[in-house]
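Just so you know, these numbers come straight off a predicted model, no measurement behind them. Here is the naming used below: chain letters follow the sequence lines, and residue numbers restart at 1 for every chain.
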Amino acid sequence: MYRTHTCNELRKIDIGKQVTLAGWVHVSRDHGGVIFIDLRDREGLMQVVFRPEENAEVAKEAHHLRSEDVIEVTGRVAARVPGTENPKLATGDIEVIPNRLRILNRADALPFPIDAEIHNEDLRMTSRYYDLRRPQLSRNLRVRHRVAKATRDYLDAQGYVEIETPILSKSTPEGARDFLVPSRLTPGKFYALPQAPQQYKQLLMVAGVEKYFQIAKCFRDEDLRADRQPEFTQIDIEASFVTPDDIFSLTEGMLAAIFKVACKIDVKTPFDRLTYREAVSRYGSDKPDRRFGIELVDLSDDFRETGFKVFRGALDAGGVVKAINVKEFAGITIGQIDELSEIAKIFGAKGLAFIKIESSEWKSPIVKFFSDAEKAALQSKLKIQEGDCIFFAADKWEIACEVLGRIRLRVAEIQNLHGKAAKGQSGSDWDFLWVMDFPLLQWSAEENKWNAVHHPFTRPKTKDLALLDEKKFSEIRAEAYDVVLNGVEIGGGSMRIHEPQLQEKMFEALGVSAEDRQSLFGHLLRALRLGAPPHGGIALGLDRLVMLLCGEESIRDVMAFPKNNRGLDLMTQSPADVDPRQLRDLGIKLAKEKL
RNA sequence: GGAGCCUUAGCUCAAUUGGUUAGAGCGCCGCCCUGUCACGGCGGAGGUUGCGGGUUCGAGCCCCGUAGGCUCCGCCA
């Protein structure tokens with residue numbers, strides 16, 4: 001037996017007990033005579049005191065201990081010398097006086113200090129097994145475990161059944177780029193790793209499972225981001241005979257249970273609901289961060305007849321004029337204006353007009369073009385006061401909204417409004433909401449075809465079904481929804497198409513040929529013809545959820561062994577070359593120009 | 001595919017306008033130290049300033065290129 005207790009288990013009441021502890025040497029303080037060791041395991045720290053007068057031989061050994069050596073000590077629990085208690089430690093009133101020391105393993109010189117903030121992620125990833133010993137990361141992994149456990153417990157209690165679906169799956173044309181796996185037994189053919197268990201879970205509905213869930217690994221071969229990894233985990237849910245309201249309340253209950261169980265946080269339910277149109281109009285984003293204000297204001301009607309050509313041109317072309325009012329921002333610097341203008345251009349605006357209100361004056365390159373009536377409209381609609389800074393966008397609705405939405409986020413960042421909100425009124429720390437009624441289809445100029453905004457199995461809203469026959473594709477709304485937390489999309493789902501005729505219509509709209517429909521989706525279409533119940537569901541990004549719960553800014557910090565920016569695992573050095581014989585077995589030859 | 005920021009000792013960082021032998025703290029090695037908890041003291045080792053080129057009497061610093069890291073855009077049904 002290596003230990004009788006953990007390093008965060010013993011208290012005053014245990015004084016006098018003979019115990020054995022095992023763990024890592026966190027720090028050693030060697031006074032030449034007496035030696036203090038903070039012994040660390042995953043639960044915490046316990047001070048171990050080696051005294052020559054107690055046991056000269058053991059004390060002598062202890063001189064050689066270095067950080068991260070793995071040891072086992074046996075001794076008695078003692079009260080600390082009065083006045084030397086450490087209130088910073090849970091075990092700070094006591095210490096262990098060992099009569100035996102076993103060195104289980106030595107540690108080399110360490111790649112970086114374990115108790116400091118390390119920004120060199122490259123280095124951390126190379127020695128990830130060591131990096132993960134750091135308390136913050138080990139806490140994150142345990143939060144993640146509790147989230148998964150709470151999810152399973154909640155869904156189990158609701159009658160949901162966890163079912164695994166294949167990892168070796170089939171490539172489909174829509175959506176993200178697939179990871180391919182060559183088949184040895186069928187040379188020249190490939191499996192694909194699932195981007196999501198979407199089709200399988202729908203087929204489980206046809207199978208009569210009625211309530212399915214899975215904590216599912218998903219794979220997408222796309223470029224990485226702080227919140228995007230090539231493999232990630234979804235809480236995947238699907239149910240039969242449900243409406244969106246059923247999915248909303250199930251998800252709300254589940255998230256409340258997760259936050260309560262994993263982090264003792266009370267989540268207010270039900271969540272607010274916004275339509276896609278409303279979210280984009282008011283916040284310039286389909287995943288609005290509502291922890292601060294700065295809502296977009298529509299000024300189109302006030303400038304319909306304006307002499308200011310930039311606004312007039314946008315309106316005459318069917319666009320809009322919108323603005324945001326940023327309080328206490330009139331002190332904006334030239335550099336910041338330039339930066340915001342740059343952002344505006346990246347997202348499609350021709351420029352970024354602004355008005356600073358300083359010394360009761362409207363300072364702006366454009367205000368001279370405005371009539372008195374237009375100024376009055378601005379004054380009342382934007383509630384302009386001293387110190388405000390107004391930004392304008394005049395463009396197509398989508399572009400004007402997105403530009404101001406991005407400016408809004410950047411300005412909030414500059415003003416540190418997220419931080420203020422988090423410290424401010426309780427309840428605003430965790431702002432959940434539903435965004436619903438997304439468009440069903442989106443025109444891709446690049447591919448010269450209509451694409452599914454969500455996926456091709458998403459159900460159009462019943463009210464909009466006629467628009468599908470009329471081929472008014474841009475106007476069709478989907479029975480689809482996202483759940484958003486603090487401006488981060490943490491999940492999304494939809495009601496699915498369960499009628500084979502409607503699914504065929506949808507494929508037709510998407511330009512999937514009759515041949516492809518059979519070869520790629522034949523199994524699904526056949527299944528729909530065999531008594532498929534109405535069904536729908538949702539998938540939540542487990543990594544992002546845990547990231548937010550842990551207060552982290554990257555999902556890498558809540559994954560044990562993530563990949564870097566370029567999809568490399570610096571610890572194992574993967575991806576890597578393979579033995580040519582493996583390629584031969586698979587009938588694969590590498591093209592020279594790719595090497 | 002594109003943009004931005006970054007790269008100096010094992011780690012975190014410094015180095016004035018381009019100017020002597022590139023420094024400090026932590027870590028490491030050695031010695032000392034009996035109540036510390038970021039223990040303390042003395043000494044020591046450790047550097048191709050990411051790499052390549054250029055300008056210059058002289059480059060860590062300026063210029064060009066390149067590699068790597070991170071963030072973002074595109075991409076992510």
Check whether any side-chain nitrogen or oxygen of [X] sits under 4.0 Å from OP1 or OP2 of [N], and answer yes or no.
X        : N     : value
A:Asn565 : B:C70 : yes
A:Lys345 : B:C73 : no
A:Arg29  : B:C33 : no
A:Asn120 : B:G69 : no

What's [X] touching, base or sugar-phosphate or nothing? Going by heavy atoms closer than 4.0 Å.
X        : value
A:Glu121 : sugar-phosphate
A:Ala116 : nothing
A:Gln198 : base
A:Glu85  : base
A:Arg124 : nothing
A:Ile118 : sugar-phosphate
A:Leu123 : sugar-phosphate
A:Phe457 : nothing

Taking for each residue the nucleotide of RNA chain B bearing the nearest heavy atom, is the 5' side occupied by A:Lys88 or by A:Ile97? A:Ile97
Pick the nucleotide of RNA chain B nearest each of A:Ser67 and A:Val49; which residue has the one closer to the 5' end? A:Ser67
Using the six-membered base ring of B:U36, report whether A:Phe36 stacks on it, requiring centroids under 5.5 Å and planes under 30° apart. yes
With the stacking rule set at 5.5 Å and 30°, tell me whether A:His31 counts as stacking on B:C39. yes
Quick check for you: among [options], whose closest atom lies nearest to any side-chain atom of [X]?
X        : options             : value
A:Pro52  : B:U36, B:C11, B:U34 : B:U34
A:Leu568 : B:G69, B:C75, B:U71 : B:G69
A:Arg66  : B:U12, B:G30, B:U34 : B:G30
A:Ala109 : B:C37, B:C72, B:C28 : B:C28
A:Asp30  : B:C33, B:C37, B:C76 : B:C33
A:Arg220 : B:C11, B:C76, B:U71 : B:C76
A:Asp223 : B:U36, B:C76, B:G74 : B:G74
A:Gln47  : B:C37, B:C11, B:U34 : B:C37
A:Val34  : B:C13, B:C72, B:U34 : B:U34
A:Glu95  : B:U36, B:C13, B:C28 : B:U36

[N] pairs with, by Watson-Crick or G-U criteria that keep both distances under 3.5 Å:
N     : result
B:G40 : B:C32
B:G4  : B:C70
B:A9  : none
B:G47 : none
B:G18 : none

N/O donor-acceptor pair under 3.5 Å between A:Gln195 side chain and A:Ala176 backbone: yes
Take atom [atom1] in [N] and the same atom in [M], then report the distance between them in whole Å.
N     : M     : atom1 : answer
B:C37 : B:G19 : P     : 42 Å
B:U20 : B:A59 : P     : 12 Å
B:C63 : B:U16 : P     : 16 Å
B:A67 : B:G74 : C1'   : 23 Å
B:C29 : B:A9  : C1'   : 15 Å
B:C62 : B:U17 : P     : 11 Å
B:G58 : B:A14 : C1'   : 22 Å
B:G41 : B:A24 : P     : 15 Å

Can you check the [X] [atom1] to [N] [atom2] distance for me, whole Å?
X        : N     : atom1 : atom2 : answer
A:Asn451 : B:C75 : CG    : P     : 11 Å
A:Phe219 : B:C75 : CZ    : P     : 24 Å
A:Leu89  : B:C39 : CG    : P     : 12 Å
A:Arg410 : B:G4  : CZ    : P     : 16 Å
A:Asn564 : B:A67 : CG    : P     : 16 Å
A:Asp227 : B:C73 : CG    : C1'   : 14 Å
A:His26  : B:U36 : NE2   : C1'   : 15 Å
A:Ile114 : B:C11 : CD1   : C1'   : 13 Å

Tell me the closest heavy-atom pair linking A:Gln198 and A:Phe457, and the distance in Å. CG-CD1, 3.8 Å
Closest heavy-atom contact between A:His535 and A:Glu238? CD2-OE2, 3.1 Å
Assess the side chains of A:Tyr276 and A:Asp482: does a donor N or O sit below 3.5 Å from an acceptor N or O? no
Can you tell me if A:Glu552 and A:Asn140 form a side-chain donor-acceptor pair at under 3.5 Å? yes
A:Asp437 and A:Arg277 ion-paired at < 4.0 Å: no
Is A:Glu339 atom CD crowded by more than 12 heavy atoms from other residues, nucleotides or ligands, each under 6.0 Å away? yes
base_contact_polar ([N] base, [X] side chain, donor-acceptor, <3.5 Å):
X        : N     : answer
A:Arg228 : B:C75 : yes
A:Glu117 : B:U12 : no
A:Arg80  : B:C37 : yes
A:Arg225 : B:G74 : yes

Quick check for you: to the nearest 0.5 Å, what is the distance between A:Lys505 atom NZ and A:Leu510 atom CG? 14.0 Å
Separation of A:Phe507 CZ from A:Leu502 CG (nearest 0.5 Å): 10.5 Å
Using side chain to side chain contact (heavy atoms under 4.5 Å, CB included) as the criterion, point out the one residue from A:Ile343, A:Asp289, A:Ile414 that pairs with A:Leu409. A:Asp289
